[in-house]
Amino acid sequence: MYCFLCDIALLLAALAALIFILLLIVAHVTAKKMPNLHRLEEEKHFIDSKGKKEPFPSIHDPPTRDLSVVVPSYNEEERLPVMMDEAMEYLEQRQKKQPSFGYEVIVVDDGSKDKTTEVALKYCKKYGSDKVRVLTLKKNRGKGGAVRMGVLVSRGKLILMADADGATKFADIENVEVGLEKLKPWPEKLAISCGSRAHLEKESIAQRSVFRTFLMYGFHFLVWFLCVRRVRDTQCGFKLLTREAAAQTFSALHVDRWAFDVELLYIAQCLSIPVAEVAVNWTEIEGSKLVPFWSWLQMGRDLLFIRMRYLTGAWKIDTSGKLK
């Protein structure tokens, strides 16, 4: 009986090893070797407040603003105005109190099928294209791809990622700014401050089903085990980066979909970029694009492939990439 159980254990171990090797091969073979930094000609320009086409700058140019806010948007014609009204009111008030403060908001329309671009352009006309710019992607790239395209044409010394749903109060930028300041002195001006909902976890568990809670903990474990050890909430869409940290991490980023945050922080971890995690206010907003089970499943697969592709050398961290 004992020998039989040993044989079963050995068989299962061999099967697990075989599956692992097969997954490594699949992850390596299916990997796109380089980050997708190619743009269509129309994506290299924005429309100014007078209707003229102007070329976007590059993150590799010297900064000309204190802050850039990048807002990835996909079919957000209904939710975007609420977020933009709140953000613009805050930024305008801050500029009145601090006249030297310069900012820009870049709305990235990720191939929307609704009127997201038209809605965003209204803010461009109202505030001017020096403060609000719209980058319209011809094809849907995914949230990670949209954020990357916006970040790489930013002009700010600091760059904030902010979701179009307005789930995080925009004034909480002050919290992540404090988190960034506490990381000083920044090595080579590299630092990232992540908004976090980890402090709300107990409350959210009380409102979730057992199944969704299981999925959440499973995802958190995979993130910790495979990729990122220092950040509890990798998925909060409210992150503040120095220009130098944004240029290095987003130039090397491969993942275009929901798990891009994890790869972003994994790259930061590999490059020894200091990362702070700061509590922010967060509210569940209706209209989420995530389908709970399938989105968690897709992100779990992406996490596994992120680790395997770097492990096998299919992906390398190349911080010299530039938009084409």
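Just so it is clear, the structure is predicted and the values come from calculations on it, not from any experiment.
For the pair Lys143 and Arg257, the minimum side-chain heavy-atom distance is 4.5 Å or more. Contact of the Val107 side chain with the Leu135 side chain is not registered, since no non-hydrogen atoms from C-beta on lie closer than 4.5 Å. Residues Leu180 and Thr242 have side chains in contact (heavy-atom distance under 4.5 Å, counting atoms from C-beta outward). Using a 4.5 Å cut-off on side-chain heavy atoms (C-beta onward), Phe170 and Val69 make contact. Residues Val71 and Met161 have side chains not in contact (no heavy-atom distance under 4.5 Å, counting atoms from C-beta outward). Contact check for Ser73 versus Val108: no side-chain heavy atoms found under the 4.5 Å cut-off. Taking 4.5 Å as the limit, every side-chain heavy atom of Val255 sits out of range of all side-chain heavy atoms of Phe305. In this structure the side chain of Ser129 reaches within 4.5 angstrom of the side chain of Cys124, judged on heavy atoms.
Interatomic distance, Leu303 CG to Leu226 CG, rounded to the nearest 0.5 Å: 6.5 Å. Atom CE of Met88 sits about 11.5 Å away from atom CD of Gln93, to the nearest 0.5 Å. The CD atom of Glu92 sits 3.5 Å away from atom NZ of Lys131, with the distance rounded to the nearest 0.5 Å. Atom CZ of residue Arg307 and atom CG of residue Leu222 lie 13.0 Å apart, to the nearest 0.5 angstrom. Annotation: the span from Asp233 atom CG to Phe238 atom CZ amounts to 13.0 Å, rounded to 0.5 Å. Between Leu253 atom CG and Trp315 atom CH2 the span is 8.0 Å, to the nearest 0.5 Å.
Linking Ile, Leu, Val, Met, Phe, Trp and Tyr residues whenever their side-chain heavy atoms come within less than 4.5 Å places Trp224 and Leu304 in a single cluster. Tracing side-chain contacts under 4.5 Å through hydrophobic residues (I, L, V, M, F, W, Y), one never reaches Val134 starting from Leu67; they form parts of separate clusters. Each of Val178 and Leu160 belongs to its own hydrophobic cluster when Ile, Leu, Val, Met, Phe, Trp and Tyr are linked at side-chain heavy-atom distances under 4.5 angstrom. Hydrophobic clustering (side-chain heavy atoms under 4.5 Å, transitive across Ile, Leu, Val, Met, Phe, Trp, Tyr) groups Leu264 together with Val228. Under a hydrophobic clustering in which Ile, Leu, Val, Met, Phe, Trp and Tyr are joined whenever their side-chain heavy atoms come within less than 4.5 Å, directly or via other members, Leu121 and Leu137 fall into different clusters.
Counting non-hydrogen atoms of other residues, nucleotides and ligands closer than 6.0 Å to CD of Glu89 gives a total of 12 or fewer. Remark: Phe101 CZ is packed, more than 12 non-hydrogen atoms of other residues, nucleotides or ligands lying under 6.0 Å away. Within 6.0 Å of CD on Glu118 lie more than 12 heavy atoms contributed by other residues, nucleotides or ligands. Heavy-atom neighbours of Gln269 CD from other residues, nucleotides or ligands within 6.0 Å: above the threshold of 12. Environment of NZ in Lys44: crowded, with over 12 heavy atoms of neighbouring residues, nucleotides or ligands closer than 6.0 Å.
At a threshold of 4.0 Å, the pair Arg141-Glu43 counts as salt-bridged, since one of the basic side-chain nitrogens sits closer than that to a carboxylate oxygen. Between Arg155 and Glu104 there is a salt bridge, with a side-chain nitrogen of the basic residue lying less than 4.0 Å from a carboxylate oxygen of the acidic one. With salt bridges taken as basic N to acidic carboxylate O contacts below 4.0 Å, none links Lys139 and Asp110.
For residues 242-256, every residue pair satisfying the salt bridge (Lys or Arg N to Asp or Glu O under 4.0 Å) rule, not counting sequence neighbours, is listed here: Arg148-Asp256. Residue pairs satisfying the side chain to side chain donor-acceptor pair (under 3.5 Å) criterion with at least one member in residues 51-65, sequence neighbours excluded, are listed as follows: Arg65-Asp130.
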task = List the steps, then state whether side chain to side chain contact (heavy atoms under 4.5 Å, CB included) holds for Leu158 with Leu241.
result = CA-CA 6 Å; Leu158 300 179; Leu241 303 88; over 6 Å; no

task = Decide side chain to side chain contact (heavy atoms under 4.5 Å, CB included) for Arg309 and His254; before the verdict, give the C-alpha distance in whole Å, the side-chain angles of both, and the deciding distance to 0.1 Å.
result = CA-CA 10 Å; Arg309 283 166 176 165; His254 297 81; over 6 Å; no

Side chain to side chain donor-acceptor pair (under 3.5 Å) evaluation trace for Gln95 with Tyr90 = CA-CA 9 Å; Gln95 193 172 62; Tyr90 172 87; over 6 Å; no

task = In sequence, state the C-alpha distance, the side-chain angles, and the governing distance for Asp163 and Thr168, and then conclude on side chain to side chain contact (heavy atoms under 4.5 Å, CB included).
result = CA-CA 8 Å; Asp163 287 344; Thr168 303; over 6 Å; no

message = Does Met84 form a side chain to side chain contact (heavy atoms under 4.5 Å, CB included) with Val105? I'd like the steps, not just the answer.
response = CA-CA 9 Å; Met84 286 294 290; Val105 178; 3.9 Å; yes

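Of all the heavy atoms in Cys194 and Lys239, the pair that sits closest is SG-CE, 4.0 Å. Contact detail for Ser251 and Leu152: the closest heavy-atom pair is OG-CD2, 4.0 Å. In terms of heavy-atom proximity, Ile317 sits nearest to Cys270 at CD1-CB, 3.5 Å. Nearest heavy-atom pair, Pro57 versus Arg133, reported as atom, atom and distance to 0.1 Å: CD-NH1, 3.6 Å. The nearest pair of heavy atoms linking Pro72 to Val147 is CG-CG2, 3.6 Å. Minimum interatomic distance between Cys227 and Val262 (heavy atoms only, all atoms of both residues): CB-CG1, 3.6 Å.
Proximity of a side-chain donor or acceptor of Asp172 to a complementary backbone N or O of Asn281 within less than 3.5 Å is detected. Of the possible polar contacts, one joining the Tyr123 side chain to the Pro81 backbone as a donor-acceptor pair under 3.5 Å is found. Listed for the Asn175 side chain is no donor-acceptor partner under 3.5 Å among the backbone atoms of Gly195. Looking only at distances, a side-chain donor or acceptor of Glu277 sits under 3.5 Å from a matching main-chain atom of Arg232. Not a single donor-acceptor pair under 3.5 Å links the side chain of Thr319 to the backbone N or O of Gln248.
Taking the six-membered ring where tryptophan is involved, the planes of Tyr266 and Tyr310 are tilted, since the angle between them lies from 30° to 60°.
Here the rule is side-chain hydrogen bond (donor to acceptor under 3.5 Å, both in side chains) with Asp109, and of Thr136, Thr117, Asn75, Thr116 only Thr117 fits it.
Cation-pi geometry between Lys184 and Trp186 is met: the NZ or CZ atom falls under 6.0 Å from the ring centre, inside 45° of the normal.
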